[in-house]
2 protein chains.
Amino acid sequence: MRESPEGRLVAYQDRTPSQDPAPGGRRDRADVRRNRELLLAAARAVYAEEGADAPLKAVAARAGLGVGTVYRHFATQDALVEAVLVDHLAALDGLATHLRCTHEPHDALAAWLQEFVRRLTEYRGLAGVVLPQMKDPHSPVGQACQRLREVAGEMLVDAQRDGSVRSDVDVLLMLTLANAVALVVEQRPHQAGSALSFMVSGLRPE
Amino acid sequence: MRESPEGRLVAYQDRTPSQDPAPGGRRDRADVRRNRELLLAAARAVYAEEGADAPLKAVAARAGLGVGTVYRHFATQDALVEAVLVDHLAALDGLATHLRCTHEPHDALAAWLQEFVRRLTEYRGLAGVVLPQMKDPHSPVGQACQRLREVAGEMLVDAQRDGSVRSDVDVLLMLTLANAVALVVEQRPHQAGSALSFMVSGLRPE
DNA sequence: ACCTGAACACCGTTCAAGT
DNA sequence: ACCTGAACACCGTTCAAGT
């Protein structure tokens with residue numbers, strides 16, 4: 001229900017991006033796109049400094065825009081976080097495909113989970129924002145993770161089939177466990193290696 | 001530093017609780033104690049219904065007292081949570097002592113951690129409140145966990161000495177990992193068994 | 001159309017006024 | 001002393017007014 005019923009953009013395709021708003025105050029599509037990019041860049045900068053749970057007002061101020069504009073582009077705070085996350089999620093998709101071709105199932109899964117945790121610890125507070133959304137397909141991040149669940153699920157099944165991962169864990173539990181390990185890494189960064197090792201061992205059959 | 005230097009209550013022991021405050025408006029010690037108990041009971045009830053991150057105002061209303069009274073008894077919201085937790089922490093202390101006498105090191109640790117997770121999932125949101133405080137000895141919960149860290153540390157060392165638990169994990173990491181597993185259980189209660197099993201496997205040496 | 005920011009709702013915490 | 005609740009600070013979200 002999120003995509004508009006009509007996707008054609010033909011009428012605006014060849015407008016110059018730097019063009020000033022029309023006299024009537026009309027803005028062209030390029031301005032809107034640019035604001036979106038400004039907000040995403042601002043969010044990344046603010047998240048890096050203050051954590052992913054930084055006040056939304058800080059993001060708006062950093063972008064030089066009003067709070068209302070943030071809400072015009074991103075329905076909620078979670079939606080903004082999701083938009084910042086999409087690059088990470090796409091990269092994890094690609095990584096999964098690659099690892100499946102080049103590694104044994106268990107090694108592929110272990111390497112992928114490590115990267116998953118690394119990306120969830122990119123910003124302080126990020127893992128905490130993601131955790132409750134993971135299981136909810138209606139939440140922005142949960143929605144964005146659908147594809148991730150498929151590819152991660154394939155890797156998981158591979159590893160379970162050859163007996164290197166316990167069979168009572170499903171994709172969602174695995175991702176939730178990894179998400180929780182990211183929370184631990186956030187608390188104890190100097191023990192990140194041990195926490196990751198703990199996670200991989202924990203998935204081994206008993 | 002939490003117990004009063006003088007614990008005798010003799011002078012007030014036989015006062016009837018329903019007695020009115022003295023004309024001058026002076027309240028006796030029993031009233032104050034009673035308010036504290038009212039607040040703790042209210043907190044337990046509200047936490048059970050709304051989670052440990054319920055608004056403080058809800059607790060005050062449930063107790064039939066003003067918000068200011070909550071702050072008179074508990075310096076902050078975390079302090080109230082800590083006060084609700086002390087029973088659990090004391091029980092975990094006792095359990096550790098008991099398990100050390102009756103079980104092999106690894107079994108004792110596994111059983112204790114399971115109970116630790118169970119108590120952190122008593123109220124929704126509790127594990128999330130505890131996690132960031134665990135490592136901070138100045139926080140109310142972190143302070144209250146000092147003793148826990150000692151006894152858990154003893155169990156951990158026992159298990160590490162006989163080679164049944166990996167040696168790169170210290171008490172604080174172990175408790176943080178268990179805390180994180182409690183967060184997972186909160187998200188996926190029907191997979192609590194798998195999550196606990198994951199935790200115990202994860203602690204095994206590689 | 002899109003942007004702005006004042007306004008509203010909510011919640012933690014404080015403190016002047018009451019007893 | 002202790003209790004009360006209005007007041008303040010903060011933050012997410014909305015919406016009437018501007019362009």
Side-chain angles (χ1 to χ4, degrees), chain A residues 4 6 9 11-12 15 17 19-39 42-43 46-47 50-82 125 128-129 132-133 139-140, chain B residues 4 11-12 15 19-39 42-43 46-47 50-82 125 129 132-133 139-140:
Chain A
S4 65
E6 169 124 14
L9 302 170
Y12 297 92
R15 295 270 218 128
Q19 193 175 347
D20 272 30
R26 179 113 29 74
R27 277 158 217 277
D28 64 21
R29 203 160 294 227
D31 283 325
V32 177
R33 269 190 86 88
R34 191 167 165 277
N35 279 347
R36 206 191 125 91
E37 294 309 321
L38 273 175
L39 286 168
V46 170
Y47 290 177
E50 301 182 38
D53 45 7
L56 202 140
K57 195 172 273 189
V59 174
R62 183 78 160 232
L65 297 167
V67 263
T69 309
V70 182
Y71 282 94
R72 170 159 285 272
H73 287 269
F74 308 98
T76 160
Q77 203 158 223
D78 289 343
L80 178 56
V81 170
E82 183 270 331
V129 172
Q133 295 189 66
S139 70
Chain B
S4 64
Y12 297 91
R15 295 266 219 129
Q19 192 175 346
D20 273 26
R26 178 108 36 70
R27 276 159 216 278
D28 63 21
R29 199 164 300 226
D31 283 324
V32 178
R33 270 189 87 88
R34 191 167 165 278
N35 279 347
R36 206 191 126 91
E37 293 309 321
L38 273 176
L39 286 168
V46 171
Y47 290 175
E50 300 183 38
D53 44 8
L56 203 140
K57 194 172 273 187
V59 174
R62 183 76 159 235
L65 298 167
V67 263
T69 308
V70 183
Y71 282 94
R72 169 160 285 273
H73 286 269
F74 308 99
T76 161
Q77 203 157 223
D78 289 342
L80 177 57
V81 171
E82 182 269 332
V129 172
Q133 296 189 64
S139 69

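Computed over heavy atoms, backbone and side chain alike; hydrogens, waters and symmetry mates excluded. Since we're looking at a predicted model, the values are computed, not measured. Order of the sequence lines sets the chain letters (A, B, ...), proteins ahead of strands, with each chain counted from 1.
Between A:Asn35 and C:dC3 there is a side-chain N or O to OP1 or OP2 distance below 4.0 Å. Distances shorter than 4.0 Å separate none of the side-chain N or O atoms of B:His73 from OP1 or OP2 on D:dC2.
One atom, CG of B:Asp31, and another, P of C:dT19, lie 17 Å apart when rounded to the nearest Å. Distance CZ (B:Arg29) to P (D:dC2): 8 Å, rounded to an integer number of Å. Atom CZ of B:Arg33 is separated from atom C1' of D:dA1 by 17 Å (rounded to the nearest Å). The distance between atom CG of B:Leu65 and atom P of C:dT19, rounded to the nearest whole Å, is 17 Å. Rounded to a whole Å, the CZ atom of A:Arg34 is 11 Å from the P atom of C:dC3.
Side-chain atoms of A:Glu82 and A:Phe74, non-hydrogen and from C-beta on, never get closer than 4.5 Å to each other. Residues A:Asp53 and A:Tyr47 form no side-chain contact, since every pair of their non-hydrogen atoms from C-beta on lies 4.5 Å or further apart. Residues A:Leu80 and A:Tyr71 form no side-chain contact, since every pair of their non-hydrogen atoms from C-beta on lies 4.5 Å or further apart.
Listed here is the closest heavy atom pair of B:Ala75 and B:Ala79: N-CB, 3.9 Å. The two residues B:Glu50 and B:Pro55 come nearest to each other via the heavy atoms OE1-CD, 3.7 Å.
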Checklist entry - Can you give one letter per nucleotide of nucleotides 9-15 of chain C, 5' to 3': B if a protein heavy atom sits under 4.0 Å from the base, S if only from the sugar-phosphate, - if neither? => result --SSBB-
Would you be so kind as to tabulate the donor-acceptor pairs closer than 3.5 Å made by side chains of residues 59-70 of chain B, with sequence neighbours excluded?
| from | atom 1 | to | atom 2 | distance (Å) |
| --- | --- | --- | --- | --- |
| B:Arg62 | NH1 | B:Glu49 | OE1 | 3.3 |
| B:Arg62 | NH1 | B:Glu49 | OE2 | 3.4 |
| B:Arg62 | NH2 | B:Glu49 | OE2 | 3.0 |

Item to check | Intermediate values then yes/no, side chain to side chain contact (heavy atoms under 4.5 Å, CB included), B:Val32 and B:Arg72 | outcome: CA-CA 10 Å; B:Val32 178; B:Arg72 169 160 285 273; over 6 Å; no
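To the nearest 0.5 Å, atom CG of residue B:Leu39 and atom CZ of residue B:Arg34 are 11.0 Å apart.
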Next on the checklist: Output the pairing pattern of DNA chain D as a dot-bracket string, 5' first, Watson-Crick or G-U wobble with both distances under 3.5 Å, | for cross-strand pairs, [ ] for crossing pairs.
Outcome noted: ||.|||||...|||||.||
